[in-house]
Amino acid sequence: MLDLTFEAPKPKLISGAKHDWELVIGMEIHAQVSSNAKLFSGASTTFGAEPNSNVSFVDAAMPGMLPVINEFCVEQAVRSGLGLKAQINLRSAFDRKNYFYPDLPQGYQISQLYHPIVGEGEVIVEMAPGIARRVRIERIHLEQDAGKSIHDMDPTMSFVDLNRTGVALMEIVSRPDIRGPEEAAAYVAKLRQILRYLGTCDGNMQNGNLRADVNVSVCRPGQYAKYQATQDFSHLGTRCELKNMNSMRFIQMAIEVEARRQIAILEDGGTVDQETRLYDPDRNETRSMRSKEEAYDYRYFPCPDLLPLEIEEAWVDDIRARMPELPDEKKARFMRDFGLTDYDANVLTAELDAANFFDEVARGRDGKQAANWIINELFGRLNKEGLTIADTPVSATQLGGMIDLIAKGEITSKMAKDLFEILWTEGGDPAEVAAARGMKAVTDTGAIEKALDDLIAANPEQVEKAKVNAKLAGWFTGQVLKATGGKANPAVVNAMVAQKLGL
Ligand code: ADP
Ligand code: MG
């Protein structure tokens, strides 16, 4: 496991006109379950389908239709819970959350208020190398998504697309353990990374497949410690909930302006109303959506159409046994087995595709070398072309083969850069391409030695200087490389220079 030091919460301090204030943030994240079918119907979940084409009678709430739970969605929720080191509840139950909205034909959302499938867990967020914060997860429950109302297609009419209606969501609720905008973004990023590794949510924020309700409050220094000691929320300030945020950048900006808004009210002697607000990125402000008084009374009650959900310990154990390696474990392994730096390991584990690519290249090779090639050359080139690792024209086998040629001294690093470029544009087997293009490092030490001896003989003053200041020996290496047309291996030349000059 990663070698981590857990840090006490470091709240972001915001100075108001009169006092200093601390931020307190808790998040409710809606993550769309990766599943081909919906939570209670067999309708497809494909994104971008023709409006209202993925709607079964159950989703459309036709009279007499009954929901049937999708076992795979339950498995995905359990897997997510295990990934967050959470308690799995063998018995959970579904409730109806009643409200009217045109994109909700049932007139209620089936959710899990009283008995969620997943209980307490945690997300470990690294704020600096080796320095971590623990954000407690309160629960994960399964629920249905609603459809989409479209108001901007016609001047006089609104439209409803029910494709999303009934798609499974996991609502992942954190405790108010997040203490600043950067931490909030880091939390979302880490949670997203874990879910993507697990394959339980694709994390596509643009499509709304992962969106956050961000609860923000402010308190005077010292108050949070009292909350921590007692878990009594009355020590904290009144929160406002910023709804449906799906951009890391906007989450951070919204938290900051919302905190400042609350501070201004409090310093003015006012009180913060608990309400739901929307962030407007164009004006960088939050606006009230509905206040507590206007809040819906959802009249939750157990859904009579569904039996309590009972799952077996053995089934959970089976899912546990098939858990993939998670980001922290992978990062720790990359650092331990391949000697990667914290930074390189972070970069290479950020996305599973990239981590798998690295694993394949590094296996049986110098991991550091593999990391350098992937991060500097491959990622650099992919970025330039706007491609992701999934579209890389240079495969792990090709890159690995090329690194082997360098390791065996058959090509120099400089040649390898040219070879990489050819593999990128034309493809081919690295050894064959190198041979066909006459890329061959001078390994004949005789030729190198001859060039060096000639140089030493012709430049006695340089020899004296290098003997006094070893750094100047680099001049000889440079000259030999030049004399051999860049084909000599710099490491070999360096060693020979040092030996000949007696350094
Ligand atoms: P509700 O039932 O109204 O949704 P919850 O108790 O479920 O309220 O809390 C919702 C979210 O708000 C949780 O993520 C929780 O951590 C967070 N939260 C609760 N109190 C505060 C507070 N004072 N400041 C910031 N976040 C809070
Ligand atoms: Mg809630």
Side-chain angles (χ1 to χ4, degrees), residues 9 11-14 21-31 84 86 95 97-99 109 111-123 125 133-143 169-181 183-188 190-191 210-245 251-252 254-263 265-266 271-277 279 286 289-300:
K12 180 177 168 96
L13 273 186
I14 298 187
W21 298 85
E22 286 183 10
L23 264 170
V24 177
I25 301 154
M27 287 208 205
E28 296 161 286
I29 289 190
H30 289 95
L84 304 187
D95 305 294
K97 178 178 181 179
N98 300 283
Y99 65 98
Q109 177 194 33
S111 182
Q112 297 189 307
L113 177 69
Y114 302 107
H115 303 286
I117 183 154
V118 177
E120 298 195 339
E122 65 179 28
V123 172
V125 183
R133 289 283 333 279
R134 202 188 301 275
V135 176
R136 293 169 302 159
I137 298 297
E138 181 186 321
R139 57 193 271 150
I140 304 179
H141 58 260
L142 272 171
E143 63 185 27
L169 299 180
M170 296 179 279
E171 179 169 335
I172 305 166
V173 184
S174 87
R175 301 272 183 201
D177 290 352
I178 302 162
R179 306 302 311 278
E183 225 173 86
Y187 167 76
V188 176
K190 184 62 178 291
L191 187 57
L210 192 143
R211 45 197 201 259
D213 296 343
V214 186
N215 295 272
V216 179
S217 69
V218 295
C219 62
R220 298 292 305 280
Q223 289 301 114
Y224 190 81
K226 290 185 194 160
Y227 158 72
Q228 270 193 312
T230 58
Q231 296 300 303
D232 178 351
F233 283 92
S234 69
H235 294 295
L236 300 179
T238 303
R239 71 179 191 268
C240 286
E241 181 177 5
L242 308 173
K243 261 305 200 219
N244 259 329
M245 310 278 319
I251 287 174
Q252 298 185 60
I255 290 171
E256 183 99 28
V257 285
E258 174 57 19
R260 291 191 185 283
R261 186 189 70 86
Q262 293 179 13
I263 290 168
I265 292 172
L266 294 168
T271 51
V272 173
D273 290 329
Q274 184 176 330
E275 58 183 3
T276 305
R277 300 179 70 84
Y279 175 66
T286 67
M289 223 176 117
R290 54 176 182 255
S291 67
K292 201 179 173 185
E293 290 72 45
E294 306 163 70
Y296 302 123
D297 177 355
Y298 294 117
R299 307 267 167 140
Y300 277 98

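One-based numbering, in listed order, for ligands and for the atoms of each.
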(request) Identify, by atom number and element, the atoms of ligand 1 in contact range of Arg175, meaning under 4.0 Å from any of its heavy atoms. (result) 16 (O)

(request) Give the atoms of ligand 1, by number and element, whose distance to some non-hydrogen atom of Phe233 is under 4.0 Å. (result) 19 (C), 20 (N)

(message) Are any of the N/O atoms on Ser174, whether in the backbone or the side chain, positioned under 3.5 angstrom from an N/O atom of ligand 1?
(response) yes

(message) Suppose I only count heavy atoms of Gly237 and a 4.0 Å limit; which atoms of ligand 1 are within that range?
(response) 23 (N)

(message) Side chain or backbone, does Pro176 bring an N or O within less than 3.5 Å of an N or O on ligand 1?
(response) yes

(request) For the residue pair Tyr224 and Tyr227, categorise the inter-ring angle as parallel (less than 30°), tilted (30 to 60°) or perpendicular (more than 60°). (result) tilted

(request) Looking only at non-hydrogen atoms, find the nearest pair between Ala31 and Ile172 and report the distance. (result) CB-CD1, 4.3 Å

(request) Give the numbers and elements of all ligand 1 atoms closer than 4.0 Å to a heavy atom of Leu236. (result) 23 (N)

(message) When you measure from the side chain of Gln223 to the backbone of Leu236, do you find a donor-acceptor pair of N or O atoms at a distance under 3.5 Å?
(response) no

(message) Working to the nearest 0.5 angstrom, can you tell me the gap between Ile117 CD1 and Arg139 CZ?
(response) 12.0 Å

(request) Out of Ala212, Gly26, Ser234, indicate the one that has the non-hydrogen atom closest to atom 26 (N) of ligand 1. (result) Gly26

(request) Ignoring hydrogens, just give me the one of Met27, Arg239, Arg136 whose non-hydrogen atom is nearest atom 9 (O) of ligand 1. (result) Arg239

(message) Tell me whether the count of non-hydrogen atoms from other residues, nucleotides or ligands lying under 6.0 Å of NE2 in His115 goes above 12.
(response) no

(request) Would you mind listing which atoms of ligand 1 come within a distance below 4.0 Å of any non-hydrogen atom of Val24? (result) 24 (N), 25 (C)

(message) Geometry only, no angles: is Glu138 polar-contacting ligand 1 at N/O separations under 3.5 Å?
(response) no

(request) Using atom types as modelled and distance alone, determine if a side-chain donor or acceptor of Gln112 lies under 3.5 Å from a backbone N or O of Leu142. (result) yes

(message) One residue to check: Val173. Relative to ligand 1, which of side chain, backbone, both or neither has a non-hydrogen atom less than 4.0 Å away?
(response) side chain

(request) Kindly determine whether Thr238 and Phe233 satisfy side chain to side chain contact (heavy atoms under 4.5 Å, CB included), including the steps that lead there. (result) CA-CA 9 Å; Thr238 303; Phe233 283 92; over 6 Å; no

(request) Determine, for Glu241 against Lys243, whether the closest basic-nitrogen to carboxylate-oxygen distance falls under 4.0 angstrom. (result) yes

